[in-house]
Number of protein chains: 2
Amino acid sequence: IRAFITELEKLRDLPAETLDGTRIEIYGNIEFPHEAALCLQNGAEGIGLYRTEFLYLGRNDLPSEEDHYQAYCEVVRIMGDRPVTIRTFDLGADKVPLQLGLEKEANPCLGLRSIRLALRYLPLFQTQLRAILRASVCGNVQIMFPMISTLAELRQAKLMLAEVMEDLAESRIPFRRDIPLGIMVEVPSVAVTIDRFLDEVDFISLGTNDLIQYTLAVDRTNRNVVNMYNATEPAVLRLIHHVIQEASRKGVPVSLCGQMSSHPLHTMLLIGLGLRKFSVAAHSILEIKKVCRSVTVQQCEALAKRALEMDHARDVQALLREQLIKLIPAFSRIM
Amino acid sequence: IRAFITELEKLRDLPAETLDGTRIEIYGNIEFPHEAALCLQNGAEGIGLYRTEFLYLGRNDLPSEEDHYQAYCEVVRIMGDRPVTIRTFDLGADKVPLQLGLEKEANPCLGLRSIRLALRYLPLFQTQLRAILRASVCGNVQIMFPMISTLAELRQAKLMLAEVMEDLAESRIPFRRDIPLGIMVEVPSVAVTIDRFLDEVDFISLGTNDLIQYTLAVDRTNRNVVNMYNATEPAVLRLIHHVIQEASRKGVPVSLCGQMSSHPLHTMLLIGLGLRKFSVAAHSILEIKKVCRSVTVQQCEALAKRALEMDHARDVQALLREQLIKLIPAFSRIM
Ligand SMILES: [Mg+2]
Ligand SMILES: [Mg+2]
């Protein structure tokens with residue numbers, strides 16, 4: 001296993017290119033600014049998901065615009081001219097900021113969370129948007145809205161962004177007006193009507209953690225049903241496939257930033273479903289790159305085709321394990 | 001309005017046939033056995049959804065097989081040879097039977113509920129299945145599983161049913177071995193892969209209440225987000241359309257038993273999406289029949305086509321309201 005790690009470390013500066021020359025992009029997911037350095041060190045081509053909830057948690061007051069700005073600039077500085085995708089706050093459900101004094105909900109996962117909270121507490125949202133826009137002139141910043149579920153909601157959020165831009169312009173504060181704007185695809189409604197959303201965004205990112213949860217009606221933190229939470233369920237694969245195909249057809253960049261993309265078990269499958277951009281945990285970058293460099297797209301497509309025809313998540317999982325270990329036996333020891 | 005009610009009452013014994021001669025079936029939804037009489041009186045052609053949760057709620061012990069059996073026979077007796085679709089218990093979420101001493105869950109709607117509970121508490125499930133099977137020789141009984149989310153789960157439930165059949169056969173207790181078996185389509189995963197499920201059931205019923213909830217990630221009992229819960233959201237319409245089209249293609253009967261079908265606002269839209277079998281609250285039967293008898297399928301299809309192209313739930317709702325009132329002005333006074 002030590003030899004395997006050494007082998008992986010040699011991949012740091014090599015591109016994630018398949019054996020038949022298809023370029024795969026690997027971005028990093030971060031929760032705290034300092035993690036950006038590790039992403040870069042492992043060869044991340046950008047930050048595909050910068051979670052910003054940490055700014056709100058574990059404190060009694062709300063973060064100031066300056067708190068936001070500093071946190072964003074820190075990462076932008078580390079990443080140089082590489083893209084940094086800042087996701088607006090995804091609070092609620094299991095990440096509840098006590099400062100807001102929110103009432104307890106019977107089903108918080110189906111409640112006032114994430115972008116819904118942002119559109120309810122506009123000053124909070126505006127503060128964050130101002131900071132992101134200000135940071136946009138320091139590097140290659142992108143903005144991403146989480147938990148969008150309807151077109152109306154997306155348009156409302158975009159309207160907010162436009163208003164904040166006007167405020168900044170009036171105050172002659174510099175920002176990038178053409179900052180790329182994207183959404184997480186994590187609510188089934190968006191996956192099912194993704195064609196409509198693609199016309200209104202610059203990029204999308206599949207948030208499989210929630211997408212799986214809502215598609216199967218399974219709370220993945222509930223031990224009573226967690227065994228039903230499977231990334232390889234046929235319905236989940238079909239939705240992912242559909243979203244990637246539609247995005248590719250319309251030429252809109254699509255990445256996948258859920259936990260699913262950080263596990264090498266899913267890499268071939270996802271390439272086969274058409275994914276060309278992974279956004280993964282810092283410590284997974286090298287493993288995912290290793291898989292990319294060991295396969296052909298044709299192999300992956302054949303595998304995805306078989307997987308899409310299967311009836312059960314566990315059969316797909318067994319197939320993925322078998323194929324991955326056949327290709328890279330070293331993985332059998334680490335999973 | 002009194003005149004309108006009198007007019008509706010004249011429809012009791014007339015078929016729900018469109019102006020161009022397409023036959024629509026209208027079934028009733030019931031919660032308690034005595035409601036079957038009202039359904040019949042209003043001209044229901046069968047019971048499309050017999051909810052059985054009442055047997056478990058408001059008591060300290062569990063219902064016996066005989067309790068189940070009597071409750072089923074009562075409805076079967078009322079309905080004569082008309083189909084009676086008994087749904088196995090849909091407990092959990094907001095209908096929690098205290099007898100089971102279930103632990104509180106963070107998101108009960110995404111937790112151990114409905115068929116999941118049945119497959120966890122097998123003796124409860126077996127008792128109910130025995131009673132339904134015994135009642136199957138008294139009339140035209142159908143059995144329906146709620147909240148199915150994967151093929152594996154459906155197969156497990158069917159296996160249970162087969163086992164109970166074997167037990168009954170061994171004890172020489174009569175039952176109908178070919179009792180029609182169906183599922184609720186109310187979890188997005190099933191709607192998305194409905195083609196796989198259609199090969200394994202005799203009929204399906206769209207449960208829009210939950211389907212809308214999961215598709216949009218909105219708890220409809222949560223006042224913070226209930227404004228986002230809309231039957232006319234583009235994604236919901238697309239899923240309903242997809243399910244009906246696939247079922248029609250495979251010749252599997254499909255009904256819709258959610259609250260959506262009980263509101264005359266949706267009748268034309270649903271006919272236009274291909275629905276030919278409505279299962280509605282007893283007090284809605286005549287209103288729905290009135291709409292059916294006032295439209296052509298072509299009109300409905302044109303309306304559905306327009307609705308499917310719209311971006312916002314509220315635009316669809318406005319369109320539906322406008323069209324319905326143009327057709328039957330009396331409805332303007334009751335909605
Ligand atoms: Mg999420
Ligand atoms: Mg339901």
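Only heavy atoms go into these numbers, but all of them, side chains included; no hydrogens, no water, no symmetry mates. In what follows, chains are A, B, ... by sequence order, proteins preceding strands, each numbered from 1.
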Asks: Between A217(A) and R116(B), which heavy-atom pair has the shortest distance, and what is it?
Replies: O-NH1, 2.7 Å
Asks: Which answer fits D315(A), side chain, backbone, both or neither, if we ask what part of it has an atom under 4.5 Å from a heavy atom of chain B?
Replies: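 Neither part, no heavy atoms under 4.5 Å.
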Asks: Below 4.0 angstrom, N of the basic side chain to O of the carboxylate: do R223(A) and E105(B) qualify?
Replies: no
Asks: Quick check for you: among R155(A), Q213(A), H242(A), which has the greatest number of heavy-atom pairs under 4.5 Å with chain B?
Replies: R155(A)
Asks: Please name all residues satisfying side chain to side chain contact (heavy atoms under 4.5 Å, CB included) with M160(B), sequence neighbours left out, ordered by chain then number.
Replies: L119(B), L122(B), F125(B), Q126(B), L129(B), E163(B)
Asks: For E301(B), look at atom CD and say whether over 12 heavy atoms of other residues, nucleotides or ligands are found less than 6.0 Å away.
Replies: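 Counting neighbours around CD of E301(B), more than 12 heavy atoms of other residues, nucleotides or ligands fall under 6.0 Å, so yes.
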Asks: Under the 3.5 angstrom rule, does the side chain of N107(B) hit a backbone N or O of C109(A) as a donor-acceptor pair?
Replies: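 Side chain of N107(B) to backbone of C109(A), a donor-acceptor pair under 3.5 Å: yes, one is there.
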Asks: Output the residues of residues 232-241 of chain B for which the shortest heavy-atom distance to chain A is under 4.5 Å, in residue-number order; output 'none' if no such residue exists.
Replies: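 Within residues 232-241 of chain B, the residues that come under 4.5 Å of chain A (heavy atoms only) are E233(B), P234(B), A235(B), R238(B), L239(B).
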Asks: Under a 4.5 Å heavy-atom cutoff, which of L151(B), D311(B), V225(B) has the most pairs with chain A?
Replies: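 Result: the option with the highest number of such pairs is D311(B).
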Asks: Quick check on L154(B) against chain A: is it the side chain, the backbone, both or neither that has a heavy atom closer than 4.5 Å?
Replies: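 For L154(B), no heavy atom lies under 4.5 Å from chain A.
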Asks: Looking at E53(B), I want to see if its CD is surrounded by more than 12 non-hydrogen atoms of other residues, nucleotides or ligands under 6.0 Å.
Replies: yes
Asks: What part of R220(A) gets closer than 4.5 Å to chain B, counting heavy atoms only: side chain, backbone, both or neither?
Replies: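 R220(A) has no heavy atom closer than 4.5 Å to chain B.
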Asks: Enter the distance from T150(A):OG1 to M228(B):CE here, rounded to the nearest 0.5 Å.
Replies: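 T150(A) atom OG1 to M228(B) atom CE measures 5.0 Å (nearest 0.5 Å).
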Asks: For a quick test of reading the model, state the closest non-hydrogen atom pair linking L110(A) to L110(B) and the distance between them.
Replies: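 The pair with the smallest heavy-atom distance is CD2-CD2, 4.4 Å.
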Asks: Who are the salt bridge (Lys or Arg N to Asp or Glu O under 4.0 Å) partners of D210(A), not counting sequence neighbours?
Replies: R113(A)
Asks: N222(A) versus chain B, heavy atoms under 4.5 Å apart: side chain, backbone, both or neither?
Replies: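 The side chain, not the backbone.
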Asks: Who wins among S149(A), P108(A), A152(A), G111(A) for the most heavy-atom pairs under 4.5 Å with chain B?
Replies: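 Looking at each option in turn, the highest pair count goes to P108(A).
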Asks: Out of N230(A), V190(A), V192(A), which one racks up the most heavy-atom pairs below 4.5 Å with chain B?
Replies: V192(A)
Asks: Measuring heavy-atom distances to chain B, does E186(A) have an atom under 4.5 Å in its side chain, in its backbone, in both, or in neither?
Replies: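 It is neither, since no heavy atom gets under 4.5 Å.
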Asks: Which atoms of L308(A) are under 4.5 Å from chain B, going by heavy atoms: the side chain, the backbone, both sets, or neither?
Replies: backbone
Asks: Looking at T221(B), D219(B), V226(B), which has the largest count of heavy-atom pairs under 4.5 Å with chain A?
Replies: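 Sorted descending by pairs with chain A, the first entry is D219(B).
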Asks: By side chain to side chain contact (heavy atoms under 4.5 Å, CB included), which residues pair with L159(B), not counting sequence neighbours?
Replies: none
Asks: Between R196(A) (side chain only) and M310(B) (backbone N and O only), is there a donor and an acceptor less than 3.5 Å apart?
Replies: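 Yes; judged by distance alone, with no hydrogens or angles, the pair exists.
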Asks: Would one find more than 12 heavy atoms of other residues, nucleotides or ligands at under 6.0 Å from atom NZ of K250(B)?
Replies: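 Check passes, neighbour count above 12.
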